[in-house]
Amino acid sequence: MAARAFFRIGKDWQCNESELTALIGVGLIQLLSLRKQVEEESITPLDRRTLIRIRCLVMLYKETAHRHGSIALARNDMRASRGGLPFMGQTPIQYMVRQGLKGIVETTRAVTGGLPDLKTPVTELFNQSEAQA
């Protein structure tokens, strides 16, 4: 279900494959394999990091769609350059693509004012990704 939601968001935000691979944190072959699994309805379980990425994207998607009243206006908002922190002239999608999990977390906080409720704290994963960078 999470993978299906991810591809729906990607379609509605008009993301290309390069953006999708960056947003979900996998390579192109893995992305294409996941898309095939969704189409065949035979999805293997996703790892925790991937689920956290998708959960944040779902939260962003719902918030912007609710705020703007339509998916098209929400897409335009996610594709519009923003000043100030954390975007500094980038679009939210560009920022998330360039910054990875850190960017997804920061964008979710900036746009929605919070983070999804998760058993594993997002800040713990955020700190791990910072240490690896």
Side-chain angles (χ1 to χ4, degrees):
M1 190 154 162
R4 189 174 299 119
F6 172 75
F7 285 111
R8 166 75 188 269
I9 291 167
K11 179 181 174 206
D12 289 347
W13 286 351
Q14 296 179 342
C15 294
N16 60 38
E17 287 180 343
S18 176
E19 291 169 329
L20 290 175
T21 58
L23 289 172
I24 200 166
V26 300
L28 181 59
I29 292 172
Q30 293 167 304
L31 179 75
L32 296 175
S33 173
L34 184 58
R35 180 177 284 146
K36 184 177 179 181
Q37 290 176 32
V38 168
E39 291 168 358
E40 295 173 354
E41 297 185 12
S42 62
I43 302 167
T44 57
L46 300 172
D47 65 77
R48 187 91 178 130
R49 283 182 171 282
T50 303
L51 290 172
I52 288 171
R53 286 172 179 265
I54 293 171
R55 182 64 186 107
C56 287
L57 295 172
V58 167
M59 189 172 177
L60 282 166
Y61 181 83
K62 286 181 175 182
E63 174 64 26
T64 56
H66 175 73
R67 182 183 305 157
H68 296 291
S70 82
I71 292 170
L73 292 174
R75 176 189 59 244
N76 292 343
D77 184 36
M78 293 300 291
R79 292 272 177 202
S81 297
R82 295 185 183 204
L85 294 173
F87 307 107
M88 303 303 284
Q90 298 178 77
T91 72
I93 291 175
Q94 286 173 331
Y95 186 74
M96 292 186 293
V97 163
R98 290 181 179 146
Q99 298 297 319
L101 180 58
K102 173 185 177 239
I104 292 170
V105 168
E106 289 177 350
T107 299
T108 303
R109 280 187 188 139
V111 173
T112 69
L115 291 171
D117 184 27
L118 302 165
K119 290 180 183 174
T120 302
V122 172
T123 53
E124 178 185 316
L125 289 174
F126 176 72
N127 291 336
Q128 288 174 4
S129 68
E130 287 269 301
Q132 294 173 358

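One-based numbering along the sequence shown.
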Counting distance only, does the side-chain N/O of Glu19 pair as donor-acceptor with the main-chain N or O of Asn16 below 3.5 Å?
yes
Residue among Ile24, Asp12, Val38 satisfying side chain to side chain contact (heavy atoms under 4.5 Å, CB included) with Phe7
Val38
Closest approach of Pro92 to Arg82 (non-hydrogen atoms, all atoms of both residues)
CG-NE, 3.5 Å
Count the heavy atoms belonging to other residues, nucleotides or ligands that lie under 6.0 Å from CZ of Arg67, then report whether that count exceeds 12.
yes
Whether Arg79 side chain and Gln14 backbone form a donor-acceptor pair below 3.5 Å:
yes
Report the relative orientation of the aromatic rings in Tyr61 and Trp13; use parallel for angles under 30°, tilted for 30 to 60°, perpendicular for over 60°.
tilted
Which atom pair, heavy atoms only, marks the closest approach of Glu17 to Leu28?
OE1-CD1, 3.7 Å
Here the pair of heavy atoms bringing Ser81 nearest to Thr91 is N-CG2, 3.7 Å
Could you tell me whether the side chain of Thr21 and the main chain of Ser18 form a donor-acceptor pair under 3.5 Å?
yes
Between Ile93 and Cys15, what is the shortest heavy-atom contact and its length?
CD1-SG, 4.4 Å
Short side-chain to backbone donor-acceptor contact, Ser33 and Ile29, under 3.5 Å
no
Shortest non-hydrogen contact from Ile43 toward Leu34:
CG2-CD1, 4.3 Å
Non-hydrogen side-chain atoms of Glu41 and Arg4 separated by less than 4.5 Å
yes
